[in-house]
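One-based numbering, in listed order, for ligands and for the atoms of each. What's counted below: heavy atoms across the whole structure, side chains too, no hydrogens, waters or symmetry copies.
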Amino acid sequence: MSGGLAELHEKARAVLDPVHYDYYAGGVGDEVVLGENEAAFGRLALLPRVLRGRVTRGLGVELPGGRLAAPVLVAPTAFHRLAHPEGERATARAAAAAGTVLVSGMASTVAIGDVVRAAREVASDAAVWFQLYLQPDEAVTEALVRRAERAGCTALVVTVDSPVFGRHRRDAEHGFHDLPEGLAAENMRDLPGCPPGGVRDIEMSPALSWAHLDRLRGLTSLPLWLKGVLHPADAVLAVEHGAAGVVVSNHGGRQSDLAPAAVEALPAVVDAVAGRVPVLLDGGVRGGGDVAVALALGAAAVGVGRPVLWGLAAAGEAGVARVLDVLRDEFDHALALCGGRDVGDLTRDLVVTRGTGVTARCG
Ligand code: FNR
């Protein structure tokens with residue numbers, strides 16, 4: 001992790017309740033994938049090109065549902081008010097100020113309408129996307145979609161890697177199952193099947209299918225991103241079923257502990273999609289160099305999860321702003337050092353596997 005971000009991580013560790021720190025930091029099973037997401041970036045290097053740069057570089061990226069001032073967006077993570085009293089409002093303000101997208105979690109401790117309002121107070125054109133777990137009761141899914149639309153979200157991110165809950169050993173050891181008194185998953189309040197004011201549990205179902213996605217496609221005209229795609233065949237299906245983009249992700253090592261590192265799964269998905277829709281990556285991005293490697297392997301942009309939580313816990317809105325600023329600045333520097341003029345100059349031939357000096361296996 002880069003210097004600036006490591007410091008925020010340490011500060012977050014110091015201020016957070018250790019149970020909540022472990023909830024954020026932990027992964028599934030033996031946490032193999034959690035470690036691999038970061039380690040895999042460490043195994044990749046970038047071959048610089050020379051004598052082709054320019055003084056100011058183009059970092060912006062256009063995506064279905066919004067523009068990013070730099071190719072880093074905020075991945076959806078749950079329960080930001082465990083990190084800071086302002087919770088997702090603070091995250092939304094920082095993302096809007098940085099000119100990037102916040103993917104706001106369905107398991108947010110601030111209702112989506114209030115999250116979007118906070119972002120738009122900072123930038124009237126701020127783009128907030130809503131992360132959705134398809135619910136087995138489709139009336140609940142539809143109510144959530146309408147909420148996101150009414151709030152002004154500009155895309156939906158459907159997380160498809162969670163047919164069942166991941167088993168998180170750290171949470172089990174702490175007995176952490178419920179939010180503290182006064183905090184709730186606010187988007188789940190007053191949904192069909194709830195008593196007035198009641199909060200529904202988020203359900204995971206292994207019976208969800210492409211047919212559910214097709215019905216969702218029929219419910220809304222918002223761009224749909226599919227998050228949690230690792231197999232190239234699923235990326236092809238996603239395109240065929242009308243996805244506006246796919247997110248290569250293993251949920252930050254919180255679902256299957258048998259999955260490959262996200263960055264190792266990326267090239268095959270990029271190849272399978274063949275430019276028809278943009279591909280995002282999240283998992284293990286801890287510095288601007290990682291952003292550059294992911295873009296060189298074909299990602300249009302990356303998402304960051306835990307680094308944002310560390311910034312939020314350490315210093316609220318200013319902490320999240322700092323994380324996004326460090327990543328943008330380091331990415332710009334890495335791009336300059338590769339002789340890049342804009343993000344399109346990061347190409348796969350630049351990526352080599354460390355210790356071999358040859359174009360990465362994935363290349
Ligand atoms: C997540 N992630 C996640 N993803 C999602 O689609 N819905 C969710 O509710 C959550 N919740 C969540 C909570 C916490 C504490 C973490 C750390 C992560 C996964 C997230 O979107 C993203 O895939 C990973 O966080 C990316 O990995 P890094 O950046 O944390 O390494």
- Nearest candidate to atom 18 (C) of ligand 1, where distance is taken over non-hydrogen atoms, out of R254, H80, E38: R254
- Message: Is there a path of hydrophobic side-chain contacts, each under 4.5 Å between heavy atoms, that joins L337 and V351?
- Response: no
- Group every Ile, Leu, Val, Met, Phe, Trp and Tyr by side-chain heavy-atom contacts under 4.5 Å, then state whether V33 and V247 land in the same group. no
Atoms of ligand 1 close to [X] [distance to a heavy atom under 4.0 angstrom, numbered from 1]:
X	value
S249	23 (O)
R306	17 (C), 27 (O), 28 (P), 29 (O), 30 (O), 31 (O)
G305	25 (O), 28 (P), 29 (O), 30 (O)
Y24	15 (C), 17 (C)
R286	28 (P), 29 (O), 30 (O), 31 (O)
T159	5 (C), 6 (O)
G283	26 (C), 27 (O), 31 (O)

- Do we get R306 above Y23's six-membered ring, with its NZ or CZ under 6.0 Å from the centre and within 45° of the axis? no
- Item | Lys/Arg N to Asp/Glu carboxylate O, D30 vs R169, below 4.0 Å | yes
- Query: Does R57 pair with D332 as a salt bridge, N-O distance under 4.0 Å?
  - Reply: yes
- Query: Y21 and W310: aromatic ring centres closer than 6.0 Å?
  - Reply: yes
Can a donor-acceptor pair be found between the side chains of [X] and [Y] at a distance below 3.5 Å?
X	Y	answer
D161	N250	no
S108	N187	no
D22	H174	yes

Nearest-contact summary for [atom] - protein heavy atom, Å:
atom	value
atom 13 (C) of ligand 1	A78 N, 3.4 Å
atom 19 (C) of ligand 1	H251 CD2, 3.5 Å
atom 23 (O) of ligand 1	D282 OD1, 2.8 Å
atom 4 (N) of ligand 1	K227 NZ, 3.0 Å

Structural part of [X] in contact with ligand 1, heavy atom criterion under 4.0 angstrom:
X	value
Q131	side chain
M106	neither
F79	neither
T77	both

Check whether any N or O atom of [X], backbone or side chain, sits under 3.5 Å from an N or O atom of ligand 1, and answer yes or no.
X	value
Y133	yes
L309	no
P76	yes
G284	yes

- Message: Taking CZ in R167 as the centre, count heavy atoms belonging to other residues, nucleotides or ligands within less than 6.0 Å. Is the count above 12?
- Response: no
- Roughly how far, to the nearest 0.5 Å, is the CD atom of Q131 from the CG atom of L144? 10.0 Å
- Message: Taking a cutoff of less than 4.0 Å between a non-hydrogen atom of the residue and any ligand atom, is G105 in contact with ligand 1?
- Response: no
- Message: What verdict does the salt bridge (Lys or Arg N to Asp or Glu O under 4.0 Å) test give for D325 and R328, after you've listed the backbone C-alpha separation in whole Å, the side-chain angles of each residue and the deciding distance to 0.1 Å?
- Response: CA-CA 5 Å; D325 189 51; R328 185 201 51 75; 3.1 Å; yes
- In a check of side-chain contact (heavy atoms from CB on, under 4.5 Å) between L226 and each of L213, L156, V157, which one passes? L213
